[in-house]
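These numbers come from a predicted model, not from an experiment. Chain A is the first sequence line, chain B the second, and so forth, proteins listed ahead of strands; every chain is numbered from 1.
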Amino acid sequence: METLIPLIAALPIAGFLFTAAVGRRLGQQAHIVPVAAVAISWLIAMIVVFTALTGGFGEEGRSVKLWDWIPAGGFHIEAAFFVDNLTAVLLIVVTTIGLLVHVYSIGYMSHDPGYWRFFAYLNLFMFSMLLLVLGDSWLTVFVAWELVGLSSYLLIGFWYRKNSAALASKKAFIVNRVGDVGFALGIMAIWVNTGTLNIRESIDVLTSETFTAFPIPVAIVALLLFAGAMGKSAQFPLHVWLPDAMEGPTPVSALIHAATMVNAGVYLVARANPIFASAPEAMVVVAGIGIFTAILAASIAMTQTDIKRVLAYSTLSQLGYMFAALGVGAWTAAIFHLMTHGFFKGLLFLGSGSVIHAVHEEQDMRKMGGLAKKIPHTYWTMLIGSIAIAGIPPLAGFFSKDEILGEAFKLGFAWVWAIGVLVAVMTAFYMFRLIGLTFWGESRVDKAVEPKIHESPRVMTIPLWLLAIPSLLLGLVLAWPGPPLGPLFGQEGPGLLAGWLEPVYHDGLEILGHHEAEFALFGIDGVLILISVAVAVIGMVAAWRLFGVEIGGLRRGGNPAQVQALSARVPFLYRASLNKWWFDELNHLVFIVIGGRIAAFLWWFDANIVDGIVNGIGTVTRLSGGGLARVQTGRVQNYALGIAIGLIVMVASYALMTGGR
Amino acid sequence: MGLANSLDAYLVLSGALFAIGTFGFLARRNAISMLMSIELMLNAVNLAIVAFGSFVPALKADGSIIALMVMAVAAAEATVGLAIIIAIYRNRKTPLVDEYDHMRR
Amino acid sequence: MNLLIAAIAGAIITTPALLVFVLGGGSVDDALFAALATLMLTSALLVVTMRDIIRCGLAMIVAFLALAGIYVIVGAPLVAAAQVIVYIGAISVLILFAIMLTESKAAPSRLVFQTQAIPAAVASIILAVLITLGISATDWGAAAVRFRLGTEALAQVLFRDYVLPFEVVSVLLLAAVVGGVFIAKREPEDPS
Amino acid sequence: MDGLPILSLITFLPLAGALLIAFLPSTYARPVALGAALLTWIVSLLLAIGFSASRGGLFQFTEEVSWIPAFGIEYKLGVDGLSLLLVVLTTTLSWISILASFKPIQTRIKEYMISFLILEVGMIGVFLALDTFLFYIFWEIVLVPMYLIIGIWGGANRIYATIKFVLYTLVGSLLMLVAILATAFAFQAAHGGDWTGAFDYEALRAFAASGGGFDPTLQLLAFGAFFLAFAIKVPMFPFHTWLPDAHVEAPTAGSVILAGVLLKLGGYGFIRYGLSFYPDAAQTYAPAIIILSLIAIIYGAIVALVQPDLKKLVAYSSVSHMGFVTLGIFIFQPQGMEGAILQMVNHGLITGALFLLVGVIYERTHDRAIARMGGLAARMPVYVTIFGFFVFASAGLPGLSGFVGEFLTLVGAFSFNPLTAAVATFVMILGAAYLLWMFQRVATGELSSFLSGLGSHLTDVSPTEILTLAPLMALVVAFGLFPGILLDVINGSVDRALADVNGGAAIAIDPLALAIGLGALAAVVVLRVVTLPMFRGRASAENSA
Amino acid sequence: MTFEDLVTIAPFVAAILVACGVVVADIIVPGRRTAVLAVAFAGLAVIALLTISAGTTAATAFGGSYRVDDLTTYLDLIFIGIVALTLLFAPDYLEARRLPLAEFTAVLLFAMTGAMLLAASADLLVLFIGLELMVLPGYLLAGYHKSDGFSTEGAIKYFLLGSFSSAIFLFGLAFVWGLTGTTRISEVADSLAAMTATGGLSAGLALGLAFMSTGVAFKIAAVPFHYWTPDAYQGSPTPVTGYLSVGPKIGAFALILRLFVEALGPLKLDWLPVVVVLAILTMTLGNLVALTQTNVKRMLAYSSIAHTGYILVGLAAYAAGRIEGLEGLLFYGAAYSVMNLGVFAVIAALQRRQGVTSNLDTFAGLVRREPALAILMTLFLLSLTGIPPTAGFFAKAYVILAAVQASQAGTDILGLLAVVAVLNAAAAAFYYLRVVVYMFMRDPASDEPGLAHGRLMWIGLAVTALLTVAFGLIPGPLLEIVGAAARAIG
């Protein structure tokens with residue numbers, strides 16, 4: 001097993017190196033090695049996951065040391081991997097979706113001249129992401145943290161000729177870096193506090209001693225780590241990069257910007273749960289930012305017309321849910337939602353890719369409509385995904401979202417719950433708006449393109465269906481406490497996932513003092529479920545009324561006039577939503593305009609003041625030399641007078657020295 | 001009063017002569033005038049030396065001898081100086097030193 | 001006219017001498033010293049102020065002569081003799097020759113002084129004052145009376161203590177002559 | 001290896017090459033120069049193999065020959081972990097630079113190669129000298145060839161740049177000479193007028209550590225002089241303005257060596273001399289130096305943001321990166337100093353490579369204006385890949401070598417003072433910003449009209465160019481993954497230097513003196529502002545001078 | 001006068017004889033350069049040998065007015081070297097201008113005699129005559145190109161001001177004689193020591209000191225008594241400039257050593273402040289004005305002023321109580337002589353072609369036309385700048401070391417002096433390196449081919465270059481000599 005764990009990450013990097021080296025010459029065969037690498041990696045991961053979840057590594061998990069990475073005296077970092085149940089759960093999501101996206105890309109990217117490059121990058125990403133979840137020390141995680149940023153940069157900017165893509169990739173990397181600064185400082189703080197950067201050891205130290213005894217308060221450490229998470233998971237105010245990241249090819253959006261990388265922040269906070277548990281103030285911040293991001297993004301998603309951007313804001317919103325869960329202490333729920341969301345959002349993105357493919361790279365939903373019959377596989381899978389995200393039981397999203405809201409309410413965060421419920425309405429609304437605009441009603445597709453619309457090849461639709469399955473069932477499976485799955489993994493109690501993660505959260509929960517309340521279907525939980533389902537239905541129906549519906553017998557056209565009237569009723573909100581609350585403009589003002597002015601001023605300062613002093617000294621020297629040269633008139637008598645005056649001064653100065661010593 | 005027996009008198013006289021020579025050197029334009037001024041200055045020095053010889057016991061004989069040597073030196077100096085003056089006069093056709101200002105700054 | 005100038009000059013020169021003679025208790029030496037000193041300074045002043053350079057040269061000879069007289073008074077007749085021979089016999093003549101050679105007489109004599117004549121005068125006066133102050137403030141450890149030295153004693157010192165300078169001075173003169181002749185010599189084939 | 005004077009061999013092998021070139025026809029200049037540099041490199045690698053890392057803090061392979069006995073000045077060389085790294089860095093970059101000069105330098109090749117090899121002698125000598133006088137001599141020897149390299153083979157404004165470089169450096173180094181002499185004399189005076197050991201590094205260091213060390217006033221002044229010399233070389237804000245000019249005007253290889261090695265002389269000097277000789281003064285000055293370092297880190301990055309010229313941008317990035325070096329040194333923490341040393345090596349590799357890469361573009365376009373670039377990725381994919389690699393390396397991407405040094409420095413800074421680290425860490429963002437912005441403007445988008453106008457001249461990197469870049473890439477990856485290679489070697493040196501400096505205690509500074517100093521500084525600034533109109537068009541004036 | 005006396009002054013006598021011999025040789029075989037040079041070089045060799053052999057035993061002669069010690073020997077050898085090198089560089093230049101070599105050589109040798117006498121004088125009168133014997137030929141040499149307006153202009157300025165300063169100097173000397181009642185240096189020193197021990201500086205002595213300081217400061221070209229230097233240097237024929245920049249300067253420093261260090265040694269704390277001020281002014285003004293010069297000879301004139309300042313730093317350090325200052329001064333003298341002669345030799349070589357000015361433009365692209373000269377010039381300029389490992393560097397380091405020592409020993413002002421010195425050295429780099437810029441980094445103004453230079457020129461350049469490097473790289477032997485020389489009077 002020790003050799004298998006490193007292999008999970010090693011295979012993709014090998015695939016990357018191989019493809020980077022020779023991929024250019026492989027043409028349309030370039031995908032074979034990368035896909036195979038990820039497939040084998042997936043297989044191994046599944047073995048490892050199974051071993052871990054069945055207790056094969058014990059409660060503490062298993063670490064594998066490769067070499068001493070940074071042996072700088074007291075600062076000693078090992079290059080090592082670590083697998084416990086949390087890692088295992090993440091491995092499921094990462095490798096599975098990763099593999100499916102790889103397969104999907106074979107079809108999706110088949111006509112791109114950068115085919116080999118794409119697979120190379122994807123492999124690099126897989127390596128980075130796996131390193132992130134497998135890393136044994138904070139610094140390893142940080143390395144992976146940056147590497148996923150790099151791969152994200154490369155993939156967003158994949159179509160480098162497109163200026164918008166290049167800009168978006170740069171923006172993504174830099175905004176991420178903002179978060180990374182926090183993360184890096186957090187790591188330093190951990191080292192200063194504990195003298196180690198091994199994750200488990202440092203957490204043990206941080207949580208075992210009295211909190212005030214540390215040079216850096218634990219709350220600060222927690223917030224710094226959270227800053228890193230905010231960057232990677234695009235939480236407000238660092239959310240601005242994610243929508244722009246949609247400039248990348250759609251499989252990338254699915255894999256990185258929906259299913260895996262953006263979840264890294266959630267993983268980080270979950271991993272550091274005892275630290276957060278020790279700092280309740282920090283947790284409130286996490287919850288607040290999370291739920292605020294959720295509603296902010298949802299509000300924007302309601303009016304966007306670019307199909308991928310809707311999904312992107314939706315992702316932001318769902319990530320906000322997860323952080324809200326983390327903030328209130330519902331860590332299991334957060335990871336639960338991470339998993340389900342990974343699958344259904346991956347599905348939705350891949351589906352949107354299929355749609356975009358079908359209508360010849362058109363992303364504007366206003367130029368779609370009525371596609372349900374023309375691309376049925378895509379339609380049905382996306383419908384499943386939408387229902388899942390809307391939170392309609394018994395699909396996956398219902399379970400996880402409901403658990404978040406329920407826990408928030410039960411743990412005393414009513415405000416989180418209240419906002420969360422509102423977001424749930426909006427979620428259902430914008431998702432069915434998306435479905436309505438895209439698949440139902442009359443076709444608004446460009447007449448030239450209309451006849452060429454076709455369903456995607458099987459290499460793309462099969463992954464869609466493979467993702468639809470967990471979108472349908474995963475919630476049920478993971479939340480279901482009873483047989484047959486529970487006993488298989490040797491678990492009883494609140495649910496499969498909760499059981500798996502219990503060892504991970506054990507310490508944190510103890511510090512928090514939370515105890516999982518008994519699930520009461522006919523008590524408070526039932527009411528909350530009802531509310532959840534109700535609001536989802538409300539949102540859904542509202543979307544149907546405005547944008548139409550065509551499910552089975554339910555048929556109804558859209559109502560654009562009413563949409564307009566409604567938007568005119570709340571002009572400010574509408575414009576704010578349409579303009580994404582002007583965050584891009586604000587950033588432009590602050591960083592490009594004002595920041596640029598500052599930089600330009602400093603450059604002026606450098607060239608004129610700092611260098612000016614240097615040159616000024618030189619110039620003054622030279623000028624004074626020129627001035628002194630004037631003394632040299634060429635006339636002997638002038639010289640002689642100078643000498644005579646010098647003589648007088650000399651006499652005078654010696655005269656001053658007469659007398660005693 | 002004993003002026004003739006006062007060393008100070010000779011020295012002050014010497015100083016005055018020296019100052020006059022200096023003035024001539026500083027103020028005159030003609031190279032030869034300047035040379036003459038220098039001769040005045042050297043004579044001033046000689047006066048001082050001779051005076052010392054006559055009043056400072058230890059310098060009894062030395063003063064005169066030094067003065068003689070200085071005269072010889074003055075002669076040599078004058079020789080050289082006049083040679084140079086003649087040479088430059090050939091080049092520049094003027095004895096006025098303040099017009100020899102081709103080199104400056 | 002010239003007579004008048006001579007009379008005034010004579011008066012200027014003799015007045016201090018008379019004053020010294022009368023006020024100083026009738027010492028002939030003192031009076032002579034005063035007269036010669038006055039003569040010397042006056043002619044020196046003329047050297048540096050007169051317009052006509054030939055007259056300057058003549059005034060210089062007068063000054064040298066007066067100085068020779070002072071040497072006699074102070075008790076160095078040998079020096080006085082040398083003064084007459086070297087300065088009046090050699091240097092002054094040399095200078096007068098040079099004046100002729102360079103046609104200085106013909107040169108514009110309107111501006112004998114530099115534009116800096118006034119600063120020069122100020123500087124010279126300051127210098128004179130400083131020297132005078134310095135001299136009078138110093139105890140020279142001098143004898144009260146000047147003493148004379150015989151030529152013989154002088155020669156003895158010269159050839160005992162000052163042989164080397166004496167020899168070297170001749171070398172100096174030799175060098176001056178060798179070089180001076182070359183520099184002053186007109187080169188007929190001068191390329192320029 | 002006792003018998004073989006391997007250090008002298010390394011130091012003077014390039015000189016032998018230079019002499020050989022001088023007496024051979026110019027067609028042999030290139031191969032001989034490369035051969036000499038490669039040979040030196042190989043010998044330096046042998047040295048590295050023979051070096052005992054476990055005794056890394058001690059000087060090994062020492063050579064000692066009496067030179068000027070009247071003052072106890074010796075020809076003394078020795079290598080410890082710190083100098084070993086820098087020597088190998090020097091020899092590596094030297095042959096790479098020489099190889100990279102083959103094509104760009106077409107005029108007066110002989111002189112160029114001779115200059116370059118003599119430059120190498122000076123640089124290696126600085127790192128190996130164990131006698132302060134000898135050190136100074138090598139220090140100054142570096143100056144002349146660099147002066148010629150910039151001045152003869154440089155760009156349009158090269159004369160202004162090279163004179164500025166030399167004058168600036170001289171001001172610092174001459175004051176350092178005074179300090180060296182003062183230190184030697186203090187030693188001599190303390191040893192009853194015996195000059196023996198007065199210039200000997202180990203003797204001086206031992207003296208500094210014994211008893212009270214050097215007199216506080218001497219320490220303050222001498223350290224100040226050393227500081228100025230080193231700070232100018234590093235260069236620290238506000239002594240950095242010679243750097244952009246020198247970099248912009250220097251030929252590619254000159255920039256590589258300038259950034260790769262010359263700037264390191266300053267950092268090396270701080271560790272080797274500043275801390276060990278004047279621990280008390282170092283403690284006294286440290287806060288100010290830390291603040292200046294922080295300013296340099298942020299300021300360099302911000303100014304880099306708006307640079308329109310590729311080389312200038314990289315030059316300002318050097319100011320920022322070298323700020324980490326001084327920061328790391330003066331927080332007096334093991335992690336900080338190890339980070340600083342790593343940063344020196346890595347900056348040498350990465351920035352050296354960036355200059356090589358800029359040179360590659362310049363070779364083809366004869367332009368460095370970022371505004372005229374764009375879309376290179378389509379035409380020069382291999383180039384852009386390598387370029388991107390080093391851009392990210394420079395931005396401190398973990399896994400590549402730049403990260404480790406930077407992070408260690410930051411960790412040290414954090415344990416010194418979290419706020420310091422926070423300010424310094426902020427540059428992670430700025431660094432990414434200016435580097436990626438540059439990369440984006442150069443590499444992505446559609447091919448600019450300027451570049452497309454060049455037609456077929458715009459070829460991808462040639463095999464020679466790859467040969468110069470590949471070793472650097474390999475090292476950047478290797479040191480990123482296995483920084484232990486470097487850390488093992490320097491641990492000893494770092495411990496010794498820290499033991500030296502931490503034995504010191506800050507000296508109380510006379511507030512009056514401080515006020516006078518600051519007042520003088522303010523006066524200079526005021527003078528400058530008042531005389532502002534006089535400096536219009538100074539560059540052209542200087543150039544015509 | 002005894003036989004021992006003759007043995008002691010043998011080098012001096014030999015020098016006079018050689019000077020006369022040159023004249024005679026020219027009369028016997030007129031216009032033949034080989035004859036003149038053969039006599040001169042053979043003579044110089046003999047003088048050098050005699051100097052060394054006489055120098056082995058310290059002695060006085062002529063009733064204590066002539067003295068041979070290690071300092072005399074050292075300085076004499078420098079003078080001999082300077083003259084020998086000048087004679088190597090001059091013939092080509094003079095021939096190109098149809099100037100006779102014989103008179104030149106003779107006058108030069110007379111000047112050397114004067115300098116040697118200065119170095120050997122134990123008597124102030126001898127000292128004065130030696131000084132005159134040194135400078136009078138200098139005036140003549142400056143005007144040696146008598147058909148050239150610049151040469152004669154330089155000469156007359158040099159002469160007039162030189163004579164003026166001589167008179168001033170002599171006036172001061174007279175006061176010292178009057179006060180001490182003797183001309184013998186050692187007796188003067190004793191007398192002054194006794195005098196100042198009781199009453200300090202008397203007004204008369206102050207006057208004397210002031211006049212002498214002024215005169216000496218003029219001779220070494222210290223600011224503000226330097227005015228003659230640029231004009232005389234620029235105007236003089238280039239080999240003469242080379243000689244003037246070192247010979248009379250080192251001679252004047254010999255004068256300082258014998259007069260101020262020895263005779264006025266007891267007053268050194270009185271003249272120390274003056275030296276400090278002069279040093280600062282001299283270095284600073286020399287360098288500042290040199291920055292603006294476009295004529296290389298004139299620039300080097302200012303540079304030589306600046307170097308005077310550096311040498312004065314050594315003197316100040318000595319006055320402040322460090323013998324190292326004296327050693328530094330002496331070392332500097334030797335180093336400065338070789339490098340400065342070298343520089344002027346290169347210029348002279350370039351000016352072998354008639355009409356070539358010493359403007360900076362002359363040097364444009366020199367490396368292409370005459371690479372060897374350009375490289376040698378660079379070496380000398382680097383040495384003047386003070387870049388190791390050259391003579392100039394070590395010399396500068398030496399005087400600075402002395403200043404630093406003095407400052408640590410309690411005379412704080414010397415520390416300032418050291419700092420001013422190095423800052424000046426840094427500024428000076430600008431104008432030295434500017435010549436390098438022209439030689440290496442500019443295109444030649446004309447495409448005239450390089451000139452063929454005589455063998456003498458190359459020998460001379462080789463010697464100066466070799467010494468410039470040797471003094472910097474292996475200063476040990478010279479240091480020992482300098483140490484001995486300094487101990488002779490320190």
Side-chain angles (χ1 to χ4, degrees), chain B residues 7 11 14-15 18 21-22 25-26 31 34-35 37-53 55-60 62-63 65-67 69-70 72-74 76-92 97 99-105, chain E residues 124-126 128-129 131-133 135-140 142-144 146-164 166-175 177-183 187 191 204 207 211 230-235 289 292-295 298:
Chain B
L7 175 58
L11 292 181
S14 151
F18 192 87
T22 306
F25 188 79
L26 299 183
M34 293 175 75
L35 190 59
S37 305
I38 289 174
E39 296 302 336
L40 288 180
M41 290 167 75
L42 286 174
N43 272 287
V45 177
N46 253 355
L47 174 56
I49 291 171
V50 171
F52 280 129
F55 287 94
V56 177
L59 276 178
K60 220 187 227 176
D62 310 46
I65 292 167
I66 295 169
M69 300 291 174
V70 170
V73 169
E77 219 165 52
T79 316
V80 169
L82 291 171
I84 294 174
I85 289 172
I86 288 166
I88 193 165
Y89 183 77
R90 279 209 199 98
N91 286 319
R92 293 278 163 81
V97 176
E99 289 174 21
Y100 308 154
D101 60 350
H102 290 222
M103 289 181 291
R104 56 171 95 171
R105 292 290 153 90
Chain E
L124 292 180
L125 183 62
V126 175
F128 176 70
I129 294 170
L131 175 67
E132 288 297 312
L133 183 53
V135 295
L136 278 183
Y139 306 145
L140 293 165
Y144 199 74
K146 56 187 171 178
S147 59
D148 179 53
F150 286 101
S151 177
T152 43
E153 182 182 328
I156 192 146
K157 285 175 175 171
Y158 187 20
F159 165 75
L160 286 172
L161 294 170
S163 306
F164 183 54
S166 286
I168 291 172
F169 175 70
L170 192 59
F171 199 54
L173 215 48
F175 283 110
W177 284 327
L179 273 169
T180 58
T182 175
T183 60
E187 292 169 23
S191 166
L207 269 181
F211 278 73
D231 296 1
Y233 281 21
Q234 188 188 350
V289 181
T292 64
Q293 299 301 317
T294 53
N295 182 307
R298 200 167 174 84

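Of the listed residues (E/P137, E/G181, E/G143, E/G172), the greatest number of heavy-atom pairs within a distance under 4.5 Å of chain B belongs to E/G181. In terms of non-hydrogen atom pairs under 4.5 Å with chain B, the most contact-rich of E/V289, E/L133, E/L140 is E/L140. Here E/S163 is the residue among E/A167, E/S163, E/G154 with the most heavy-atom pairs under 4.5 Å with chain B. Heavy-atom pairs under 4.5 Å with chain E peak, among B/I66, B/T79, B/V56, B/I49, at B/I66.
Contacts of E/L125 with chain B are made by side-chain atoms alone, with heavy-atom separations under 4.5 Å and no backbone atom involved. Heavy-atom distances place both the backbone and the side chain of E/L161 under 4.5 Å from chain B. Only the side chain of E/S166 comes within contact range of chain B, with at least one heavy atom under 4.5 Å from a heavy atom of that chain. The part of E/T183 that comes within reach of chain B is its side chain, from C-beta onward, which places non-hydrogen atoms under 4.5 angstrom from that chain. Proximity to chain B is limited to the side chain of E/F159, based on heavy atoms less than 4.5 angstrom apart. Both the backbone and the side chain of E/Q234 come within contact range of chain B, with heavy atoms under 4.5 Å apart. Heavy atoms of B/F52 lying under 4.5 Å from chain E belong exclusively to its side chain. With a threshold of 4.5 angstrom between heavy atoms, E/I168 approaches chain B through its backbone and through its side chain.
The nearest pair of heavy atoms linking E/A174 to B/V45 is CB-CG1, 4.3 Å. For E/A142 against E/S151, the heavy-atom pair with the smallest separation is O-OG, 2.7 Å. The two residues E/F150 and B/H102 come nearest to each other via the heavy atoms CE2-CB, 3.7 Å. Contact between E/G235 and E/D148 at its shortest, heavy atoms only, is O-OD2, 4.1 Å.
Among B/I65, B/V50, B/N46, the single residue meeting the side chain to side chain contact (heavy atoms under 4.5 Å, CB included) criterion with B/V70 is B/N46.
Scored by the salt bridge (Lys or Arg N to Asp or Glu O under 4.0 Å) test, E/E153 finds B/R92, E/K157 as partners (sequence neighbours excluded). Residues passing the ring-ring contact (aromatic ring centres under 6.0 Å, His included) test with E/F171, sequence neighbours excluded: B/F18, E/F175, E/F211.
The side-chain heavy atoms of B/L47 and B/N43, taken from C-beta on, include no pair separated by under 4.5 Å.
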